[in-house]
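Quick note on labels: first sequence line is chain A, next is B, and so on, each numbered from 1. Since the model is a prediction, treat every value here as computed from it, not as a measurement.
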Amino acid sequence: MGYNRQIVPDYKPQTVEKKWQDRWRDSRAFEVTEDHAKPKFYCLEMFAYPSGHAHVGHVRNYMIGDVVARMKRMRGFNVLHPFGWDAFGLPAENAAIKNGTHPETWTLENIAHMKGQLQRIGISYAWEREIATCLPDYYHWNQWVFLKMLERDLAYRKSSRVNWCPSCNTVLANEQVVDGKCWRCGTVVTTRELEQWFFRITRYADELLEAAEQLTEWPDKVLTMQRNWIGRSEGARVKFALTADLDSIDVFTTRIDTIYGANFILLAPEHPLVQAWSEQAGGEALRGNMQRFQAQDRTGRMTGDIEKEGFDTGRTAINPFTGQPVPIWVANFVLGEYGTGAVMGVPAHDQRDFEFARKYDLPVTVVVQGPGPDAKADAEAMSEAYDGPGTMIASGEFTGLPASEAIARMSEAAEARGIGERTVQYRLKDWGISRQRYWGTPIPVIYCEKCGMVPVPSDSLPVLLPKVQEFSGRGDSPLAQIDEFVNTTCPECGGPARRETDTMDTFVDSSWYFYRFCDPKNADLPFDPDTVGYWGPVDFYSGGVEHAILHLIYSRFFARVFRDLGMTHLSEPFTRLLTQGMVLKDGQVMSKSKGNVVDPDDMIQKFGADALRLYVMFVAPPEKEIEWSDAGLEGSWRFLARVWRLVDHLAESIGGQGIPAPGELDLDDGERALRRKTHDTIRRVTLDLDPRVHLNTAVSGLMELVNELYAFCGRNDSLRVGQAADTPATAGTVVRASTLAVLKESIEALVRMISPFTPHLAEELWEMLGHPGGIVEAGWPSFSEDVAKADELIVPVQINGKVRARLTVAAGTADDQLRAAALADPQIVKHLEGKTVNKIVVVGGRLVSIVVK
RNA sequence: GCCGGGGUGGCGGAACUGGCAGACGCUCGGGACUUAAAAUCCCGUGGCCGUAAGGCCGUGCGGGUUCGAUUCCCGCCCCCGGCACCA
């Protein structure tokens with residue numbers, strides 16, 4: 001099986017594709033400007049990390065977006081379809097450490113190669129808007145936004161325990177820790193105490209959560225993931241007074257109704273009181289346990305289960321509802337970062353507390369009695385905690401209430417007594433953006449001995465990334481080693497000062513690039529508000545689901561920041577989101593390290609870009625993963641050759657002007673059938689592309705039409721195509737004018753509809769058909785509903801007023817025949833058994849009503 | 001455990017609002033063409049029975065609603081993805 005065989009010598013994709021790619025480039029075919037006369041459409045695929053070579057898994061995404069963009073152009077939209085490079089980041093730096101190439105050289109070379117790949121696939125990008133985040137005219141505006149956020153207290157600096165990847169030698173945001181491992185390299189993450197910059201994303205937690213409801217064109221999966229990530233829970237904060245001193249402990253609980261069963265207090269090892277007590281006289285044992293728990297915490301969480309352990313602090317607090325003293329323990333499973341770092345232990349109604357109580361022989365008080373015969377009120381007999389609904393018992397004045405109601409009543413009581421309040425807790429944390437790496441945006445602040453932290457004045461931006469020549473891979477920020485960069489003067493007092501040497505997380509770059517594309521050359525602002533006002537929001541956004549929380553939540557956050565800066569009116573940046581599936585080879589994700597990548601250039605050489613595009617779009621719905629198959633690609637190639645052959649064969653007969661539209665002609669049955677199929681296909685393919693994005697079924701619809709055209713031609717000796725007896729439809733052969741008219745309509749619709757998938761081939765065929773203008777000017781074919789459904793009618797059949805069946809009949813069926821058909825229908829016969837038919841009424845040929853006794 | 005998605009031929013997958021299950025493609029088989037092969041064109045390809053016409057079964061399992069269920073409802077089983085000691 002050789003791939004380069006030429007079945008049809010005339011279809012030479014490589015020649016055709018080169019020709020049209022050159023024309024598109026020379027005519028700047030995909031460059032756009034704001035045009036208020038047309039509806040706008042912003043089509044965007046997640047920009048690329050320039051890793052070196054794009055494989056088909058990457059380019060699938062660009063193909064999906066390109067089909068949408070090209071289809072929208074044909075439908076009369078002013079389409080913005082840009083591309084760029086997420087060009088900062090660690091791999092460039094690692095490459096520098098490994099083989100001494102400067103990150104910038106490495107990155108720019110990769111960009112050049114990958115850009116060529118995308119152009120050879122024929123993706124219709126407005127390349128004049130190309131951006132690369134590693135260039136100063138882009139990261140300048142990262143710094144600008146940072147300063148704006150600093151002004152608004154959306155950026156702040158604090159010392160905290162942060163995630164640390166020992167392999168990447170840098171801090172990671174919570175979102176970048178996946179199963180306790182680094183999202184990029186998979187190394188187990190540790191923690192460090194560091195001064196870091198944070199973005200206050202938590203200020204928008206509630207809004208991000210609530211607005212998710214309005215994202216009706218996002219996949220449920222992504223919205224669910226974001227909801228889980230934000231992790232809102234409603235509850236109450238309750239104060240437990242200490243018996244020994246005037247201090248108190250705040251706990252957070254979602255089950256204040258169980259507070260009469262709170263038999264102990266549990267503190268996180270990180271809780272400040274634990275720290276304080278361990279430093280007091282006699283605190284040695286506490287200190288030892290505290291440190292032990294802190295050390296085991298993270299690894300334990302990664303494996304999923306660590307032994308629940310605790311240590312009695314020897315102190316007590318007063319349960320504010322029972323008035324009874326309860327012991328205070330330190331517990332390894334209580335998290336310092338969540339809630340108040342302290343919880344009330346209710347062993348009867350919380351499984352963790354139950355296990356803890358059993359282990360350390362603490363009392364268990366049941367306060368909620370479940371319904372039914374196996375209601376558990378006997379603490380001794382319990383084998384597990386009961387966390388279901390029920391009725392309050394042993395709960396003072398609240399006894400007898402349903403637990404659900406007790407939550408509200410007891411919260412009110414706590415508020416009234418000033419010992420608690422209703423609160424909402426989020427799992428979402430502020431976004432730590434400092435990275436101890438070189439290849440990123442310098443954080444524009446200066447530390448002055450006299451003035452403290454001073455922002456770089458915005459007229460001094462950008463703070464340029466200096467050219468570091470040596471990359472050691474050591475653990476400190478590379479910028480810290482460059483004296484000329486570090487040492488500066490304070491913008492306020494002019495005294496000696498030091499620059500911040502950390503760089504920004506590269507996710508900052510990707511959080512707003514979609515706005516920059518609207519106005520990529522703006523030298524005064526990140527973008528002009530009016531321009532984004534025209535193009536924004538992104539109407540169609542596609543990319544991998546792996547960004548469901550990282551990039552997509554950060555972008556929603558940044559959209560709100562820009563909105564609150566008065567730069568846009570948009571809260572949500574992406575109206576519609578499509579998460580495309582991965583491309584697998586041999587059941588595994590393609591990756592360079594696994595050695596199972598398919599390079600699009602190899603496939604283009606064998607079958608052409610159009611066949612590659614068509615195959616990838618056809619083999620599965622865009623959201624699903626696909627298993628790469630050479631045979632499948634060859635099948636797509638075969639289909640295109642078939643289309644070529646068909647058009648080539650008929651071009652002379654149906655090309656150019658002079659053939660009338662078939663609507664005015666007298667058609668025979670076969671012609672009418674083909675015409676119906678054509679219009680039905682236009683209807684189906686149109687809907688499959690817009691608003692659905694069912695690209696695979698759109699392609700199959702086109703294949704059906706081609707099969708139908710072959711069958712149609714096969715029935716006519718003068719038109720037969722692709723067979724031994726194949727002869728061109730030459731002059732002198734008698735072909736009905738109506739046949740040619742129908743064929744012309746059908747084939748032109750086919751060529752137009754296939755063009756988003758196989759743009760080069762379609763343009764070539766369109767030219768062969770004698771059209772001087774391009775296919776975009778020709779526009780999308782329109783269909784006639786009447787033609788599409790010409791002779792199909794579904795007639796409801798009522799029996800005594802109720803619809804009991806539907807008959808499918810030919811349009812124009814006579815009333816008598818309708819009656820007969822109804823009486824012959826097995827479903828209706830069933831209903832008429834043992835009954836007498838009084839009369840059968842036919843209403844307008846579209847409803848049959850049978851009256852029976 | 002909680003949340004989301006799904007389960008259809010040898011395979012990838014179709015089936016719109018409840019209306020002929022398996023479109024389209026891959027694979028495989030047959031025919032035409034050819035000295036031959038490839039390519040091309042045509043036909044067949046869920047299972048079982050039947051020479052055939054045709055019949056029966058069939059969308060994870062068990063029920064239900066309906067003239068009619070892959071589709072709607074109830075109860076299970078399994079798979080994929082996310083979150084998870086979050087109080």
Side-chain angles (χ1 to χ4, degrees), chain A residues 1-2 5-8 178-179 219-229 231-233 235 251-255 258 266 268 297 300-301 304-306 308 331-335 337-346 349-353 355-356 387 425-427 545 548-549 579 614-615 618-621 623-627 629-636 638-639 641-642 645 683-684 687-688 692 694 696-707 710-711 713-714 720-726 794 796-797 799 802-808 825-832:
Chain A
M1 285 262 257
R5 61 195 175 199
Q6 289 296 324
I7 300 154
V8 174
V178 180
D179 292 337
D220 288 341
K221 179 166 61 164
V222 174
L223 293 174
T224 307
M225 285 165 74
Q226 294 210 351
R227 276 188 211 109
N228 287 343
W229 189 260
R232 180 192 153 98
S233 60
V251 302
F252 173 73
T253 178
T254 54
R255 290 292 307 273
T258 64
L266 298 174
D297 183 28
R301 203 178 306 167
D305 50 352
I306 46 163
K308 286 177 184 46
N332 62 348
F333 62 91
V334 177
L335 306 172
E337 328 86 77
Y338 185 76
T340 60
V343 299
M344 61 184 203
V346 186
H349 305 296
D350 181 284
Q351 187 58 25
R352 294 157 298 181
D353 297 345
E355 287 166 28
F356 194 81
D387 60 3
Q425 277 298 325
Y426 295 96
R427 212 188 71 99
V545 73
I549 24 199
T579 52
L614 190 83
Y615 164 66
F618 170 64
V619 71
E623 297 82 358
K624 280 202 77 160
E625 58 186 28
I626 62 183
E627 172 68 35
S629 147
D630 283 345
L633 173 57
E634 197 179 338
S636 293
R638 207 153 35 223
F639 170 71
R642 209 166 134 83
R645 222 173 291 134
R683 188 180 58 83
R684 273 177 56 192
L687 289 174
D688 275 348
R692 304 166 194 159
H694 293 186
N696 55 326
T697 51
V699 174
S700 70
L702 295 170
M703 288 173 166
E704 278 183 58
L705 181 58
V706 170
N707 289 344
Y710 266 75
C713 292
R720 200 166 291 140
V721 56
Q723 295 171 49
D726 175 358
I794 295 169
V797 179
I799 297 176
K802 198 178 172 198
V803 174
R804 294 295 185 182
R806 281 166 211 278
L807 292 175
T808 305
D825 186 85
Q827 287 172 355
I828 293 169
V829 169
K830 230 190 280 181
H831 268 276
L832 300 180

Using whole Å, report how far [atom1] of [X] lies from [atom2] of [N].
X        : N     : atom1 : atom2 : value
A/Glu337 : B/C85 : CD    : C1'   : 12 Å
A/Lys221 : B/C2  : NZ    : C1'   : 18 Å
A/Ile549 : B/C83 : CD1   : C1'   : 8 Å
A/Leu335 : B/A87 : CG    : P     : 10 Å
A/Asp353 : B/C86 : CG    : P     : 10 Å
A/Met344 : B/C86 : CE    : C1'   : 15 Å
A/Gln226 : B/C2  : CD    : P     : 23 Å
A/Leu687 : B/A15 : CG    : P     : 12 Å

With both distances under 3.5 Å as the test, what is the Watson-Crick or G-U wobble partner of [N]?
N     : result
B/G4  : B/C80
B/G68 : none
B/C24 : B/G12
B/A36 : none
B/U45 : none
B/U17 : none

Roughly how many Å apart are [M] and [N], using the [atom1] atom of each and rounding to a whole number?
N     : M     : atom1 : result
B/G13 : B/U27 : C1'   : 14 Å
B/A36 : B/C26 : C1'   : 28 Å
B/C79 : B/G29 : P     : 36 Å
B/G55 : B/G64 : P     : 27 Å
B/A53 : B/G5  : P     : 45 Å
B/G18 : B/U59 : C1'   : 15 Å
B/C61 : B/G9  : P     : 10 Å
B/C42 : B/U35 : P     : 22 Å

For this session: Could you tell me whether the side chain of A/Tyr615 and the main chain of A/Asp630 form a donor-acceptor pair under 3.5 Å?
Result: no
Heavy-atom check, side chain of [X] versus side chain of [Y], under 4.5 Å:
X        : Y        : answer
A/Val545 : A/Lys221 : yes
A/Asn228 : A/Ile549 : no
A/Pro219 : A/Met225 : no

Exercise. Quick one: on RNA chain B, does A/Thr224 or A/Arg427 contact a more 5' nucleotide (nearest heavy atom)?
Worked result: A/Thr224
Problem set entry | Position toward the 5' end of RNA chain B (nearest nucleotide), A/Arg227 or A/Val545 | A/Arg227
For this session: With syn defined as a glycosidic angle within 90° of 0 and anti as everything else, classify B/G9.
Result: syn
Which nucleotide wins on minimum distance to the side chain of [X], given the candidates [options]?
X        : options             : result
A/Asn228 : B/C83, B/G5, B/A87  : B/C83
A/Arg692 : B/G13, B/C16, B/C41 : B/C16
A/Arg645 : B/G81, B/U40, B/C85 : B/U40

Closer than 4.0 Å, any side-chain N/O of [X] to the OP1 or OP2 of [N]?
X        : N     : value
A/Lys624 : B/G12 : no
A/Arg683 : B/C16 : no
A/Tyr710 : B/C42 : no

For this session: Could you tell me whether A/Pro621 contacts a base, only the sugar-phosphate backbone, or nothing, with contacts defined as non-hydrogen atoms closer than 4.0 Å?
Result: sugar-phosphate
Sequence neighbours excluded, which residues qualify as salt bridge (charged side-chain N to carboxylate O under 4.0 Å, His left out) partners of [X]?
X        : value
A/Asp387 : none
A/Arg232 : A/Asp206, A/Glu234
A/Arg642 : none

Exercise. How far apart are the C-alpha atoms of A/Gln425 and A/Thr254, what are their side-chain angles, what is the distance that settles it, and do they pass the side-chain contact (heavy atoms from CB on, under 4.5 Å) test?
Worked result: CA-CA 10 Å; A/Gln425 277 298 325; A/Thr254 54; over 6 Å; no
For this session: Not counting sequence neighbours, which residues clear ring pair (Phe, Tyr, Trp, His ring centres under 6.0 Å) with A/Phe618? List them please.
Result: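 With neighbours one apart ignored, the set is empty.
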Exercise. Taking only residues two or more places apart in sequence or in another chain, which ones pass ring pair (Phe, Tyr, Trp, His ring centres under 6.0 Å) with A/Phe356?
Worked result: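 Ring pair (Phe, Tyr, Trp, His ring centres under 6.0 Å) check on A/Phe356 returns A/Phe264, A/Trp329, A/Phe333, A/Tyr360.
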Report, one pair per line, the protein and nucleotides 22-26 of chain B atoms (nitrogen or oxygen only) whose separation is under 3.5 Å.
{"from": "B/A23", "atom 1": "O2'", "to": "A/Glu704", "atom 2": "OE2", "distance (Å)": "2.8"}
{"from": "B/G25", "atom 1": "OP1", "to": "A/Asn707", "atom 2": "ND2", "distance (Å)": "3.4"}
{"from": "B/C26", "atom 1": "OP1", "to": "A/Arg638", "atom 2": "NE", "distance (Å)": "3.4"}
{"from": "B/C26", "atom 1": "OP1", "to": "A/Arg638", "atom 2": "NH2", "distance (Å)": "2.7"}

